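Dropping the structure in here first, questions after.
On a predicted model such as this, the values are computed, not experimentally measured, just so you know. Letters A, B, ... mirror the listed sequences (proteins, then strands); counts begin at 1.
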Amino acid sequence: MADEIRIGVFICDCGSNIRGVIDVPELVEFSKTLPYVVVSDEGKWTCSVDYLSRMKDLIKEHSLNRVVVAACTPRTHEPLFKRTVKEAGLNPYLLEFVSIREQASWVHMKQKEEATKKAKDLIKMAVSKAALLEEGEEIRLPVGKESVVIGGGISGIYSALSLANQGFQVTLIEREKELGGILKRLKSVKVDSKELDPKEVLQAKLNEIESNSNIKVLTGYEIKEVDGYIGNFRVKVENGSGSEEIKASTIVVATGMTERKPQRGQFLYGEDRKVLTQLELEQALKENSDGFLNDVKRVVIINCINSRNEEYGCCNMGCQISLKNAAMLKEMIPDSEIFVLYRDLTLPGSEGKIIYRLREKGIKFIRFPDDRYPIVRNDNGTLKIEVFDRIISEALNIDADLLVLTCGFKGADGIDELKGMLKVSSNSEGFLQEAHVKLGPVDFPSDGIYLCGCSRSPKGIKESVDEAMAAAMRASIPMNQGYIEAEGIIAKIDLERCNSCGLCWKRCPFSAIKVDEEKRPHVIEALCKGCGLCAADCPKRCITIVHFREDQIIAQIEAALEEEPQKKIIGFVCHWCALGGVDMAGVSRLQYPPNARLIRVMCSARVSISMIEKAFELGAAGVLVAGCEFPTCHYISGNYAAEKRVNRAKKILKKKGYDPERLWLLWCSAADGPKFADTMQRMVKELGLN
Amino acid sequence: MAGEILIIGGGIAGISAALNAADYGKKVYLIDDTPSIGGIMARLDKTFPTNDCSICIEAPKMYEVENHPLIEIMTNTELKRIRKKGKGFQVVLQKRARFIDEERCTGCGKCVEACPVLVDDELDGKIGGKRKLIYMPFPQAVPNVVVLDPDCRYGKRRQDGACVGGCVVDCSQCRECPIALCVKACLEEGKDAVRLWQSNKNIRLEVDSVIISSGLSPSEPPKGLFGYGIYQNVITNMHFERLMNAGGPTGGIIKRPSDGAHPKRVAWIQCANRGLKEGLLPYCSKVCCMISNKQTIISKEHDPEMETTIFNMDLTAYGKGFYDFYRKAVSMGVRYIKAKPFAVSEIPESKNLILSYEDPEQGRVVDKEVDLLVLATGLIPSDRNQKLSKVLGIGLNELGFFKEKDSLDAPLESEVEGIYLCGGALGPIDISESVVQATAAALKAVIYSDKDRGSA
Amino acid sequence: MDSLMEAEEKLRGFRETIGSQKLYACFECGHCSACCPVKRIRQEYSPRKIIHMVLLDMLDELISSNIVWYCTNCYLCQELCPQGIRIADLILELKNLSFKRGLSPDGIRRQFELLKTQGRIYLLDEFDQKKRKKAGLPQLGGSIDDLRVLLEG
């Protein structure tokens with residue numbers, strides 16, 4: 001900050017939306033009295049092309065090096081003004097945007113004086129922050145063109161081919177001796193209502209892999225170590241005889257799933273040769289199709305074994321597998337009697353018609369209650385199955401020559417170890433945890449690693465193929481571009497003050513902080529998303545976030561509470577949902593008391609205890625910390641961290657003699673304007689401010 | 001990098017495909033035949049199984065699309081003609097008049113305030129939702145620009161009190177309107193963004209590949225089914241979703257249509273319009289079980305005293321976290337009964353409904369009174385499919401959805417090389433799978449666009 | 001007692017019959033049971049259960065019990081079934097099968113005999129004739145020969 005600071009304040013009328021309530025000329029005059037403000041201007045529509053042109057002229061004319069815009073909401077318009085400021089030759093991180101429409105003119109329509117006062121405060125806060133702003137830049141991390149695919153089942157195969165066909169170098173690692181995964185063990189596989197031979201399906205793809213010079217296949221290799229980050233991964237693999245280290249820019253995890261076998265004795269599994277799982281059945285049919293089914297006249301299939309309970313969810317594939325195999329058995333033994341005992345039969349789309357056809361062939365379906373599974377006994381060598389038929393409301397007895405159990409699935413063997421190496425997590429069933437189950441289904445929170453297929457959740461071959469291609473796309477983007485870029489809002493660590501406690505790198509949801517040999521943390525800037533969790537947690541206060549530094553935020557608090565602090569509430573709102581809720585309240589013109597002075601942070605996790613303390617020290621009537629509802633935090637776990645911190649803050653405040661009930665926490669969705677407005681009403685009432 | 005991709009349909013699938021393709025480096029034209037991108041997801045309240053607020057997670061993506069230097073959004077736009085040109089396509093798009101200058105409109109809403117006429121909203125009409133003749137499609141619309149109802153512009157709303165239409169001179173010749181209140185309001189703001197004489201525009205483009213992400217629709221049950229269309233307090237899943245939504249017609253408070261009262265006893269009937277008979281849907285839409293489950297959970301969160309009952313046949317919980325989601329509902333007191341009520345009758349004074357069903361446990365017929373009945377109706381092909389199918393020369397399957405060429409050898413490909421399919425256009429689907437398919441389709445489209453490369 | 005083979009034969013024949021009733025499309029929603037007016041009075045009567053038992057080949061049990069005879073042929077189940085299953089027609093077939101095997105209830109048998117001999121299913125007796133005479137109506141005659149021919153054929 002060696003140069004003289006020259007701030008320009010640009011205030012929007014927004015037609016009559018702001019000007020109709022707020023005295024904008026008064027704001028212009030007021031702004032001129034603030035420190036460092038060199039020019040203050042009013043525009044009817046500051047987002048219009050002509051005004052933006054004027055703004056650029058004024059920036060150049062007055063050699064401005066900081067810009068404050070007071071208008072609508074940064075959520076929609078900040079990018080526009082950042083671009084404009086950049087075009088005028090200024091670093092876009094030297095812009096501060098305040099909302100005097102959604103936060104003042106639209107929500108305090110009947111209290112024009114108060115609205116103007118609030119707008120003045122908001123501009124004062126923005127100016128004091130602007131004075132402290134520093135330049136920022138998008139950080140780029142180079143990304144090469146090599147990828148590693150872990151797992152050579154159908155998903156891994158499709159992923160590898162999708163990547164290799166674009167020219168990327170792919171190493172496909174499989175721990176079994178041959179590629180193919182579960183497909184190798186199936187007798188048949190059903191796609192689009194057609195039954196296909198898994199061997200043929202596989203062979204076609206294996207031929208493609210062989211003829212693709214961009215794919216190197218390593219079968220019989222296990223993963224021993226994974227290190228690094230996007231653009232810079234090192235994967236160490238070992239087979240019986242030696243080891244190899246593979247360098248890659250991206251990793252695709254396609255480790256598949258395994259059948260969850262019943263416990264020994266459960267339904268006589270493991271004690272009677274006539275009891276098999278579905279996969280065991282398919283394998284037996286593959287190896288010995290003729291002899292195996294001799295003397296089998298009655299087959300009973302029981303679905304949902306150890307599934308759909310407290311421990312395990314629906315396996316998704318059980319219904320389809322059991323029906324496919326029931327049909328297969330009936331075809332192989334036409335005069336057999338086949339029973340399918342089930343809880344629910346779920347077949348999406350038109351697949352339901354399969355049941356009708358199977359019934360026509362004489363296959364019998366019996367539904368049993370969720371909490372009353374069939375009982376299996378061995379009576380003199382005959383399997384006797386007792387099942388409670390829900391519709392007849394009676395227990396039926398069936399003798400069987402073969403009992404097939406449809407069990408669910410869980411993550412691949414050894415997934416716990418692998419996930420530790422990759423620094424990713426899984427759920428209790430061993431399926432890997434994606435970044436967001438709806439909008440980030442094949443991404444992990446850390447950049448550069450992706451997942452697909454059954455490693456994520458059990459699914460059929462078609463869904464696996466789609467996911468494999470999707471994961472390949474996600475990996476292709478940074479590799480094709482040659483870099484990934486992070487916004488300039490990143491963490492910076494001052495190693496002088498750091499005592500290597502390890503909190504930051506352990507807690508970072510994006511694995512963006514790495515430690516060196518001396519346990520000192522370093523931010524991998526291109527991976528940092530700027531949530532501020534590390535900065536707020538750091539006990540030595542040596543981490544700062546560009547554009548959301550502690551001193552900048554304190555400056556905003558000080559500016560807000562300079563006059564009449566006892567009437568004011570300091571509100572920290574996260575950019576994503578909380579501010580969205582504030583904006584919604586504005587758009588819906590919900591009226592609430594004007595006591596709040598809102599400070600925008602990217603994530604509620606940015607709010608440190610010292611910031612909260614400062615507000616109370618300076619006499620604020622109350623403090624509100626508002627973030628996204630669970631589980632919607634844009635930074636995955638920021639809101640959880642904020643909650644913990646606020647609870648700690650309450651204890652500290654109490655010790656220091658402040659009333660902890662004056663510190664409020666709000667989880668607000670971006671569509672919930674009413675919730676924010678309501679919170680304002682209640683807070684003002686309960687703090688005795690009205 | 002050369003290459004341009006056309007994406008038809010701006011719902012979550014189209015948005016995901018656009019972002020992926022543009023991040024990859026391609027120029028993307030994202031068109032949607034409604035005034036805003038966002039699709040169905042933008043109008044839902046929450047998404048299962050996480051109970052994320054739907055628009056909260058979609059809006060940042062919509063803003064990303066709007067601000068992306070390589071994506072051009074064209075709303076109110078549909079595909080008119082497409083012809084193969086070399087390996088790519090020549091397309092003619094028609095941008096229907098919005099009657100607003102998109103560059104000038106700032107979404108301030110003064111015109112909406114000034115409009116004197118309220119009409120039933122297309123989505124929320126049945127549950128009391130109204131809109132003006134000039135309106136913002138929804139608060140988070142992208143582009144954040146109002147749209148004028150063409151009926152109003154063409155004089156069909158005069159009897160409702162509209163100011164425009166029926167003039168001696170046609171708008172296109174007049175070019176300045178002294179009568180329309182919205183025009184006046186906008187002029188007063190100094191914007192002058194209402195353009196009554198705006199006409200449809202044809203846009204010609206040359207693109208390398210095309211992605212169809214045109215989505216699907218919730219279905220309306222036939223009139224009379226469980227009293228739908230006859231009794232006021234029988235609504236669909238989509239209506240209930242809109243009631244739950246803070247941005248919906250009742251501000252997020254669940255009110256029943258007949259008297260606006262908050263219902264204390266609500267029942268859901270799953271597979272409401274499922275069957276082989278004429279007028280019913282012969283397939284499983286796979287997401288309705290979770291939709292209703294979600295709705296009961298959210299209802300209970302708002303009002304733990306509410307009695308919620310779901311009548312179902314089979315529980316479809318195929319996705320990650322779905323079964324846990326079901327267990328959560330049960331633990332909150334949601335009652336699942338495996339029976340389908342056969343008849344619904346109405347009590348004239350209270351407008352409550354009586355459902356008759358065979359209780360599977362007791363074996364006898366039970367009559368149950370509820371305040372509100374929600375029908376979980378399946379998802380059907382969008383009514384755009386027939387037209388799009390003709391224009392594109394791509395076939396539909398027997399259910400009316402688009403067909404993939406082959407799930408294994410040509411996944412997400414249509415019969416026409418270079419045209420790809422994803423999301424609800426292919427059949428009932430949830431958000432997660434739509435995003436996966438859209439991302440995969442984007443890969444295929446960009447690879448096809450890089451003509452010297454192989455295939456995905 | 002039929003051997004397994006004979007039973008299979010019979011079943012196959014019946015299956016064709018019930019196939020035309022689209023029985024295999026039943027997804028056991030319970031609509032039919034819920035709307036059945038008989039069920040309201042006789043809790044144990046359940047069309048859903050009948051269909052289910054047919055699909056499980058429990059025909060013997062069904063037709064040797066009286067259960068299929070409770071059906072009053074109101075056809076409500078068939079009208080309302082979302083899958084278009086001809087439930088009432090099925091029950092009629094079951095009744096026919098039961099009758100053919102001589103397993104129908106006494107009352108039904110007697111009705112049939114009466115139909116064969118008198119051409120009607122309710123016995124005409126003095127009480128009816130007296131009432132008719134009082135009302136000035138002609139007396140009703142005996143049997144109807146044509147019907148007998150039909151029935152014996």
Sort and list the pairs that fulfil side-chain hydrogen bond (donor to acceptor under 3.5 Å, both in side chains) and have at least one residue in residues 42-51 of chain B, not counting sequence neighbours.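 Sorted result for residues 42-51 of chain B: B:T50-B:D52.
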Heavy-atom cut-off 4.5 Å, strictly under: side chain, backbone, both or neither for B:E188 against chain A?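 When you check distances to chain A, only backbone atoms of B:E188 fall under 4.5 Å.
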#### Entry: Exercise: identify the closest heavy-atom pair between B:L315 and A:R308
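Result for this residue pair: O-NH2, 2.7 Å.
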With a 4.5 Å cut-off on heavy-atom pairs, point out which of A:L439, A:V465, A:V587 contacts chain B the most.
->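 That would be A:L439.
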*asked:* I need the minimum non-hydrogen distance between A:Q481 and B:D23, along with the two atoms involved.
replied: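 In this case the closest contact between A:Q481 and B:D23 is NE2-O, 3.7 Å.
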| task | Would you mind reporting whether A:M473 and B:V446 have side-chain heavy atoms less than 4.5 Å apart? | result |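 The answer is yes; the side chains approach within 4.5 Å.
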Interchain contact, A:M317 with chain B, by part (heavy-atom threshold 4.5 Å)
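Neither part.
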Inset, instruction - Name the member of A:I154, A:L345, A:L196 that forms the most heavy-atom pairs with chain B at distances under 4.5 Å. - result: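 When all of A:I154, A:L345, A:L196 are compared, A:L345 has the most.
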query: Looking at side-chain heavy atoms only, is the closest gap between A:D672 and B:C53 below 4.5 Å?
result: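 No. Closest side-chain heavy atoms not under 4.5 Å.
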For this session: Look at A:P369, A:S393, A:G581, A:P348 and state which one has the largest set of heavy-atom pairs under 4.5 Å with chain B.
Result: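 Option with the top pair count is A:P348.
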Would you find a donor on one side and an acceptor on the other, under 3.5 Å apart, between the side chain of B:K286 and the backbone of A:T346?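 Side chain of B:K286 to backbone of A:T346, a donor-acceptor pair under 3.5 Å: no, none is there.
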Please look at B:E433 and chain A and tell me whether the side chain, the backbone, both or neither of the residue comes under 4.5 angstrom of a heavy atom of that chain.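 For B:E433, the side chain is the part near chain A, not the backbone.
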Cationic N near anionic O, under 4.0 Å, A:D192 to B:K403 =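 No, no charged N to carboxylate O under 4.0 Å.
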inquiry  = Counting heavy-atom pairs under 4.5 Å with chain B, which one of A:S588, A:G15, A:A670, A:A470 comes out on top?
reply    =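 It is A:A470.
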Q) So, for B:Y318 and A:C314, which heavy atoms are closest and what is the spacing to 0.1 Å? A)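 Nearest heavy atoms, B:Y318 then A:C314: CA-SG, 4.4 Å.
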message = Please find the pair of heavy atoms, one from A:R589 and one from B:C108, that lie closest to each other, and give the distance.
response =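 Looking at all heavy atoms of both residues, the closest pair is NH2-O, 3.1 Å.
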Next on the checklist: Whether the A:N309 and B:R327 side chains hold a donor-acceptor pair (N or O, under 3.5 Å, no angle test) is what I'd like checked.
Outcome noted: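 Checked: A:N309/B:R327 side chains show no N/O donor-acceptor pair below 3.5 Å.
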How would you list, by chain and number, every residue that makes a side-chain contact (heavy atoms from CB on, under 4.5 Å) with A:I484, sequence neighbours excluded?
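For A:I484, the residues satisfying side-chain contact (heavy atoms from CB on, under 4.5 Å) (neighbours in sequence not counted) are A:L141, A:V143, A:I230, A:D447, A:P478, A:A526, A:L527.
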(Q) How close do B:E189 and A:K44 get, counting heavy atoms only, and between which atoms? (A)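 Distance-wise, the nearest heavy atoms are O-NZ, 2.9 Å.
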Out of A:C14, A:P674, A:S476, A:A468, return the one with the most heavy atom pairs under 4.5 angstrom to chain B.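 Heavy-atom pairs under 4.5 Å are most numerous for A:S476.
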Please check if any side-chain donor atom of B:Y24 sits under 3.5 Å from a side-chain acceptor atom of A:Q166, or the reverse.
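Per modelled atom types, B:Y24 and A:Q166 side chains form a pair under 3.5 Å.
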Tell me whether the NZ or CZ atom of A:K438 lies within the 45° cone about the ring axis of B:F48 and under 6.0 Å from its centre.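 Pair A:K438/B:F48 counts as cation-pi.
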| message | Taking side chain as everything from C-beta outward and backbone as N, CA, C, O, which of these in A:V437 sits under 4.5 Å from a heavy atom of chain B? Side chain, backbone, both or neither. | response |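 The answer is both parts of A:V437.
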Tell me, side chain or backbone of A:D443 under 4.5 Å from chain B's heavy atoms, or both, or neither?
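Neither part, no heavy atoms under 4.5 Å.
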Checklist entry - Among A:K353, A:E351, A:E629, A:H436, who wins on heavy-atom pairs under 4.5 Å with chain B? => result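 Result: the option with the highest number of such pairs is A:H436.
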field: A:K82 side chain near B:N67 side chain, heavy-atom distance below 4.5 Å
entry: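 SC-SC contact between A:K82 and B:N67 ruled out.
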Next on the checklist: Using only atom types and a distance under 3.5 Å, with no angle test, would you say the side chain of A:Y158 pairs donor to acceptor with the backbone of B:L408?
Outcome noted: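 A pair under 3.5 Å: yes.
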